[in-house]
Structures are given as structure tokens and as C-alpha cells.
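We're numbering straight along the sequence, starting at 1.
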Amino acid sequence: MAQENIYTDPATKSMEELVALCKRRGFVFPASEIYGGINGFWDYGPLGTALKNNIRDWWWRQMVECPPIGPDGEPVEIVGLDSSIIQNPKTWEASGHVGGFSDPMVDCTETKKRYRQDHIEVLIVDDKGCWGFPENNIDYIAKKLKKANVSRDDGTVKNLTDIDTSEYEKIIAPDTDKPGTLTAPREFNLMFDSHAGAIKSDENKVYLRPETAQGIFLNYKNIVDTMRVKMPFGIAQVGKSFRNEVTPRNFIFRSREFEQMEMEWFCAPAESAKWYDFWKHERMRWWESLGVDKANLRFRDHDDDELAHYSKMCVDVEYKYPFTAPGYGELEGVAHRGCFDLTQHQEHSKTKMEYFDQAAQLAAKEAGKSKEEIAAASKYIPNVIEPASGLTRAVLVLLCEAYTPDPDRPAGVYMKFKPKFAPIKAAIFPLVNKDGMPEIATKLYHELRQKYVVQYDAKQSIGKRYARMDEAGTPFCFTIDGDTLNDNAVTVRDRDSGQALAERLPLDQVDAFLAAKIAE
Ligand code: ATP
């Protein structure tokens, strides 16, 4: 049992090996690899694309097609959207991204490296100076401090944002051994820009969206006017976002091009606290439904001083990534955005964003409320609760979570995806390529492929075929052997135990068996 923990605790999983497996098995490739790659960009290979689509489809299913049951026992209402990546640039002035979407950066004059100020932690040791290191990077800290003969327990740790810039001369930057090489922080806008049209002038300047959320706010009125939605309701969208991150790192965790799954929940201001709480817990439940171990997930409420300019309350859902363990890193943010965005777009576009809430008006009248109270309840700019998650970050979480070293297997590792998310649901093997076995196997394959992503494999030894499927994370292998000709049944090799199930499975029950496993 002690071994179980070694294999499920992310702290013991090697990112290097995971990245190598992702490349080897076609989950994720570095973008433009033949040209030496391009920092912060990744390509999703055949298995990675399938995994990503499976997560996206589950999110869409649970958000738009079959959204959760609300606090009143009725299903909540959420509609879908697919808005343009490039919008009128005024959008980003109104949202605050042109003026404010920047991270304070510090440069190291010695190594020319650039860091986000809030990503550096500093260990202050009385007689040995101040040692800076990238936040959460345990290996790095250990190596650097060992070299300097300093122990983490010798001093106190502070984030660089909490240290006065006049003190920077004492700090030894992460990648050098000399003190005083960090510059004062400078703002750096994260939006990629381009030009729409033939002329590259300031009037033609456009931005690639840094979040999908604004496309939703721009269409809020269209949806109220066309879809017969009633408050409260949500609009959901999945799509690419772009941020010119200064320090893309940790594989696909922080990329410059990534995918988001965002939902804006519009509600009456008086009800916003209730909905914030509802979505916070719903989102955690959803992450658990992906098969992520509860022990590796947690909430982290934002302190008042770290709230974004638009946000009244915010909580992150965090995951214990191998590179943050024993600490956690962000996976999703659930933010109470108040009426900030719609008010901003109302001001900048001169389009009214107020909602007339007939039901609330009636309820206020029936409750004998004052005239002012009735007016406030019946006309308002809605508040917004936003669960915003990264789809590509979810792919990373499932890759980390699934990666299970097992020295007893030929591959030395298997990917323990829940069947629902596994890129390949089952493999079909004729034990040998003769004696009537390929014919039965091919027939089964042709039946199953109508409904599921399955693979037929007749090449090499059965052990090698299992090893390939272990690395791809295929939960079941059905083998047609000599006995099949007599009993019309197959052996089922179960990925997680690495063993054949005790009972042979009749050919006509394979479909139902698979359907039940995928539905779990
Ligand atoms: P951070 O503080 O780490 O830069 P953020 O708080 O700015 O992230 P949000 O703007 O809340 O992130 O974006 C919502 C979600 O989008 C994040 O929880 C994350 O899953 C995903 N995300 C944001 N930036 C990136 C990125 N550069 N690469 C991959 N996913 C990202």
C-alpha cells in the first residue's frame, strides 16, 4: 500500500518523463519543432487532441446541454456561444486590458533574463544575504541554496512584490550568484496585437483576445434579445486565448496560445453572493468528475489585495502539479465580477445593458416593498459570476494525474485516464494473425468503431501491444484467441490491474460493457 502513494502523489512524478511520453505517444509536440521550436507554443498530437476534445465535450455537456440543478431544485439555464477572436479594439479599452492588462516585470542585468515580479520569492538570511528563486520551484531552490550553503529554514521567505525596490541591491537573482542585478519592476502589456486591413496604422490596430469572456459580454444583449433567456442565466464559450506571457514555462501550464472554457453567469445583484457560492462548489464537483484525486485539488480564496480590478471576490481551484508539489497551482478561477464589465461596455459603446426583471418586480410588489426597492429590483445591470478555466491546463492536469509509473510493466508506465476521457477507449487484438482470429477481430472492430474510438492492432507480440496501449492510456484490450472460435467470447485485459479479467466476455456483450465503463 505504501507504494500506492508513491505513484499517486504528484510530487513523485517526473515532468521530464511525462513530457517525453507526451512526445513519444503523440499527446503534445513542441510547436515548429523542425525549426527549433517557439517558446510558449505547443501542438496537440492525435492523442492530445482527442483528450482535449473529450474534456471540452464534457464541460460543454455539463455546462450547456445538461447544466447543473440550481439551489431551487430546477436545472439552471446556460446557452453557448462562439465569438470572434478579434473584436473591435474598443472592447479592450472598455475591459481595462489596454490600460491595465500587464504584469510588472523585473530584468536581470547580468543574465538578461526576465521574470514576473510576483513569481519570485526571496529567502532572507541575516548573515548570508537575500536569495531569490522562482516561486514554487522546489528542486531549484534546493540546488541553489545547497551551493551557497544556506538552508531554507535559516531565514524568512518573502514575495518580491513585498520588498521595497531600494532593497533590490541585496538580492541575488535566481540565475546568478551576484547581488544587485535586478531592475525595478516595469509594466509589460500581455496582449498580442496585429493590424486588420492593408495599412499598418494605429487606426487599424487590433488585438488577439487574452480571454474569451469579453466576447460573451459583447453578445449579452444579443442573447437577451433573441434567446428568451430569463435572469439568472449563463453564457458559455470555449476557445483560444492569447497572452504574450513573459515567462512561459512548465510545459503547457503557461503558454502564449492556450484554450479556455469560460462561463459568465448573469444574475440579480441581490442574488450574486448565493450564486458565487453555488458555482464555487459546482466547479470543484466538476473537476472531481474528471477522476482527479480530491487530495490533489483545493480552493484558494484570494486576499483583497490580489483581486483583479474588476473583481469583488475570487477563489481559485488549484491542483498539486508535479512542479508545484507540495504546493498547488491555479487551474480555474471563480470570480465575482460585479457589474464591472457590462457597465464599462455600456459607457464605452453607449448601448444600454440594463435588464428589466419582471419576475423580481412582481415579487417585490407582492412582498410589499417600498417604491424605491421595487424600482431597484426590477431594473438593473446584472452582476456576473465567472468560472474561468484553462482547457489546455485541464489537459495537463489529466496527463499529470494519469501518469503512473509501474516498473513491473514492459512500458514502465501507464496512463490511468478515466475511460470517459481516454483518447482510445479499447483495442482489439487477434492473438495471432491466423486460424480465423483476424476475421472475428475485424468484425468486432468494425462494429465497435461505429460508436467508439477503438484501435485494431495485429502487429508484434501481445506484450508489446499492451505496452503501447498502456502508454496511450487505453483502458481495455479485447483479445480474440483460440478459444473464441468455440465460446464466442474474448479476454478483457484491464489497464489498471495489468491483468486479464477472470471472466471471459461474450462477443455480443462487448458493446454494453464498454458503454457502461465510459458512462462511469
Ligand atoms: P495567472 O495569474 O497564472 O497568470 P490568471 O489568474 O491571469 O493566471 P485567468 O485570467 O483567471 O488566469 O484565466 C483563467 C484560466 O485560464 C486560468 O485559471 C488558467 O487555467 C487559464 N490560463 C490563463 N493563462 C494561461 C496561460 N498563459 N496558459 C495556459 N492557461 C492559462
Do [X] side-chain atoms and [Y] backbone N/O form a donor-acceptor pair below 3.5 Å?
X      : Y      : answer
Thr176 : Ala173 : no
Arg116 : Val246 : no
Lys425 : Lys420 : yes
Arg243 : Pro210 : yes
Arg393 : Gln260 : no
Glu262 : Ala213 : yes

Just by distance, with hydrogens left out, do Ser83 and Gln237 show a side-chain donor and acceptor under 3.5 Å apart? yes
Check ion pair [X]-[Y] (N to O, under 4.0 angstrom):
X      : Y      : answer
Arg337 : Glu211 : yes
Arg56  : Glu259 : no
Lys320 : Asp293 : no
Glu288 : Arg285 : no
Asp494 : Lys517 : no
Lys280 : Asp301 : yes

From CA spacing to verdict: side chain to side chain donor-acceptor pair (under 3.5 Å), Tyr319, Glu401: CA-CA 10 Å; Tyr319 176 72; Glu401 193 71 9; 2.5 Å; yes
Determine, stepwise, if the pair Ser389 / Trp286 fulfils side chain to side chain donor-acceptor pair (under 3.5 Å). CA-CA 11 Å; Ser389 60; Trp286 187 81; over 6 Å; no
Just say parallel, tilted or perpendicular for the rings of Phe429 and Tyr466, cut-offs at 30° and 60°. tilted
What is the distance from atom CE of Met261 to atom OG1 of Thr392, rounded to the nearest 0.5 Å? 9.0 Å
Separation of Asn383 CG from Glu264 CD (nearest 0.5 Å): 12.5 Å
Can you name the nearest heavy-atom pair linking Cys314 to Tyr276, along with the distance? C-OH, 3.3 Å
Where Met415 and Glu471 come nearest, the two heavy atoms and their spacing: CG-O, 3.2 Å
Pair Tyr328-Phe299, side chain to side chain contact (heavy atoms under 4.5 Å, CB included): steps then yes or no: CA-CA 10 Å; Tyr328 292 70; Phe299 283 127; over 6 Å; no
So is Arg495 actually on top of Tyr414's ring, under 6.0 Å and inside 45° of the axis? no
Quick one: is the NZ or CZ of Lys52 closer than 6.0 Å to the six-membered ring centre of Tyr44, and within 45° of its axis? yes
Testing Tyr452, Phe513, Phe417 one by one against Phe476 for a ring pair (Phe, Tyr, Trp, His ring centres under 6.0 Å), which residue passes? Phe513
